[in-house]
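To start, the structure under review is shown below, and the notes come after it.
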There are 2 protein chains.
Amino acid sequence: MNVNGQHYRTIWLKETDNKVVRIINQLTLPHSFEIRELRTVEDIRRAIKDMYVRGAGLIGATAAYGMYLATFEGDLLRSAAILKDTRPTASNLAWAVDSMLAKLAGAAAMNPAQKQETARLAAQAIADDDADYCRRIGLHGLDIIKAIAAKKGGEPVNILTHCNAGWLAFVDYGTALSPVYAAFDAGIPVHVWVDETRPRNQGASLTAWELGQHGVPHDLIPDNAGGHLMQHGMVDMVITGADRVTRAGDAANKIGTYLKAVAAKESGVPFYVALPSSTFDFTMRDGLAEIPIEERDAAEVRYISGKTLSGAIETVQLCPDSTPARNWGFDVTPARYISGLISERGICAASEQGILGLYPEQSHV
Amino acid sequence: MNVNGQHYRTIWLKETDNKVVRIINQLTLPHSFEIRELRTVEDIRRAIKDMYVRGAGLIGATAAYGMYLATFEGDLLRSAAILKDTRPTASNLAWAVDSMLAKLAGAAAMNPAQKQETARLAAQAIADDDADYCRRIGLHGLDIIKAIAAKKGGEPVNILTHCNAGWLAFVDYGTALSPVYAAFDAGIPVHVWVDETRPRNQGASLTAWELGQHGVPHDLIPDNAGGHLMQHGMVDMVITGADRVTRAGDAANKIGTYLKAVAAKESGVPFYVALPSSTFDFTMRDGLAEIPIEERDAAEVRYISGKTLSGAIETVQLCPDSTPARNWGFDVTPARYISGLISERGICAASEQGILGLYPEQSHV
């Protein structure tokens, strides 16, 4: 996607030294656009853990490049364990690391250069697939937006999204926002309600920035506003991403997604979850019981950062000095609230039958 | 209630000069505790409009004192119109101003001192009634908490609240928090989940501060977290306040309340709305269609203030420079989501029949 008119992915190998991984630093957005370089497995671990990169697909691609860097350091299994331990909820992370291990299964028989080249190509393939899958998600989702637009007679299609499942959350295109970009590029009038997505405000800082860079009309709203908008017919559809989706269609996504899904159902607003195949966890059925939910530092609730009038980045405390806080990163939206899942293979019902219709090779489990 | 061990109300006449209204400045909480003095109708108007005072009951009491100050300035009807125009959603405001006008109906026949004394006593009565009604709301709500506590065998009763409907929103005690204080003072173990309540963060800045001053166990959470907590059995009841409740039981309250009500219904968690009689609007039935919803400045979404590490109060921008935002202050929770209404007269169903059972004098409309 474009940043100030120039094409970027969220992660790539440095053109002049392919032992260096480059990422867009998402901690300084939207206030400054900064590229960071990662040279070791420890750099990768910190980039994921401290959320220089975030988002289901990008975490997976970053971990894949982490396994590539691990081929320069030695112990692949130890690196795999370290990388998997960074974030518990997103299934793409473990999937990417396991994919890399599978590709490197014969590594003991390779010389170092062969091993490194095998890993580089495997990581590159994971990143390329991520971008391509997201592009295809956009085309499938476009059909849904087109159908709504046809009923609105030229009025903009109002789409609500939570958190950031745009291109910053993946290698390119994004999931939830990929259909939005596809519709905008096709000349369909769209308008996005951007949930700010407390506590880390990925909506306010990342989704608003992405949409602004692409020129898509949007308005930032507090997370509290979506129910009111849906009650008053001001939302035509909700699209979110997901961090893990079970074979029954239960979807873990950023905390607060469930509240929007429940309100959408109450107001008859279609609620879609967009995800690449790597986000499915076919080993799980009951998302509420089985998906681990990360609890993060209370400081993310108690403090917030932003730009002062003078342009400096400052952190401010929002509550009394002694106030304790809790901070769960995700919630689970049970399948019954989800109108459909949009993957690179197409659109299906959020049910085991619907999902296995697109993924028949998973029927054996 | 107590601040650093000393008893306060949120509004009172200065002991040494009863032409001066004193308020707690709620804009500097929780970082500093500051008393402000209001001397004119214009001071009162700005205090309400700019939210030095806020909260259904306190807006009403402040407007009543505004009408008292108007007796020193002259044109009562003009002052009444100015005060009513400050905030459109809360019904207490118009109710308090109209009550004052009714008490001053014979003012033309009074000399200035009589008029001022009549107004002072009337405003005082509105403030005293507000405090007394809130105290009684606490006792009725206490019965609900006791019943839940009896089933929990010594485990704390987990109560979720949104925004601030504590004593800071009224003259004393509060509505939603009054039963919590009553339960805590009666030795019942309670724990409050405090929604931070973006965009103005009244939960993080006011409710957390109030509960901390009283010693009630609590945790601050993002507004996004409540659905997850309810799905996992971590909320025993929800209590919120209200800014206006129709005769059919539809309740306007801080934006985001509706999302919690919907989630509560999905998880079978009882959802109560606590309010004094003055918050009812018996002229309205359909809250979604009839209650005016205030749209506030987008800057409240785009910026936030807090305390820096050095102790200064600083405002920071949360989104890109060019991001537009929308900011509705309230939403309406239809009666079907509300388990019961708690007023100073008792607890009733959120239905016209239930409400008129407590307010038979309103049956004629």
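Here is how names work: the chains are called A, B, and so on, in the same order as the sequence lines, proteins then strands, and each is numbered from 1.
Of the residues considered (B/K254, B/R302, B/M230, B/H162), B/H162 shows the highest number of contacts with chain A, using heavy-atom pairs under 4.5 Å. Listed options B/I293, B/I304, B/D331, B/L259 were ranked by heavy-atom pairs under 4.5 angstrom with chain A; first place goes to B/L259. Note on A/L309, A/T323, A/V194, A/L318: by heavy-atom pairs under 4.5 Å with chain B, the leading option is A/L318. Taking chain A as the reference chain and counting heavy-atom pairs below 4.5 Å, the highest number among B/A325, B/S205, B/A263 is found for B/A325. Here B/L288 is the residue among B/N327, B/I221, B/L288 with the most heavy-atom pairs under 4.5 Å with chain A. Per-residue heavy-atom pair counts under 4.5 Å with chain A were compared for B/E300, B/Q231, B/K260, B/R326, and the maximum is reached by B/Q231. Options A/K265, A/Q317, A/E266, A/H218 differ in how many heavy-atom pairs under 4.5 Å they form with chain B, and the most are formed by A/Q317.
No part of B/D195 comes within reach of chain A, as not one of its non-hydrogen atoms sits under 4.5 angstrom from that chain. Contact annotation for B/N201: only side-chain heavy atoms (C-beta onward) come within less than 4.5 Å of a heavy atom of chain A. Residue contact with chain A, scored on non-hydrogen atoms closer than 4.5 Å, involves the backbone and the side chain of B/E314 alike. For chain A, the nearby part of B/T315 is the backbone; its heavy atoms alone come within less than 4.5 Å. The contact between B/S305 and chain A is made entirely by backbone atoms, counting heavy-atom distances below 4.5 Å. Looking at B/L229, only its side chain comes within 4.5 Å of chain A, counting heavy atoms on both sides. In this structure, chain A has a heavy atom under 4.5 Å from the backbone of B/F330, while its side chain stays farther away. For B/W328, the part lying under 4.5 angstrom from a heavy atom of chain A is the side chain only.
Considering only heavy atoms from C-beta on, A/L206 comes within 4.5 Å of A/R54 through its side chain. With contacts defined as side-chain heavy-atom distances shorter than 4.5 Å, the pair A/L177/A/T161 qualifies. Considering only heavy atoms from C-beta on, B/W167 comes within 4.5 Å of B/I24 through its side chain.
Between A/E294 and A/R296 there is a salt bridge, since at least one side-chain N of the basic residue sits less than 4.0 Å from a carboxylate O of the acidic one.
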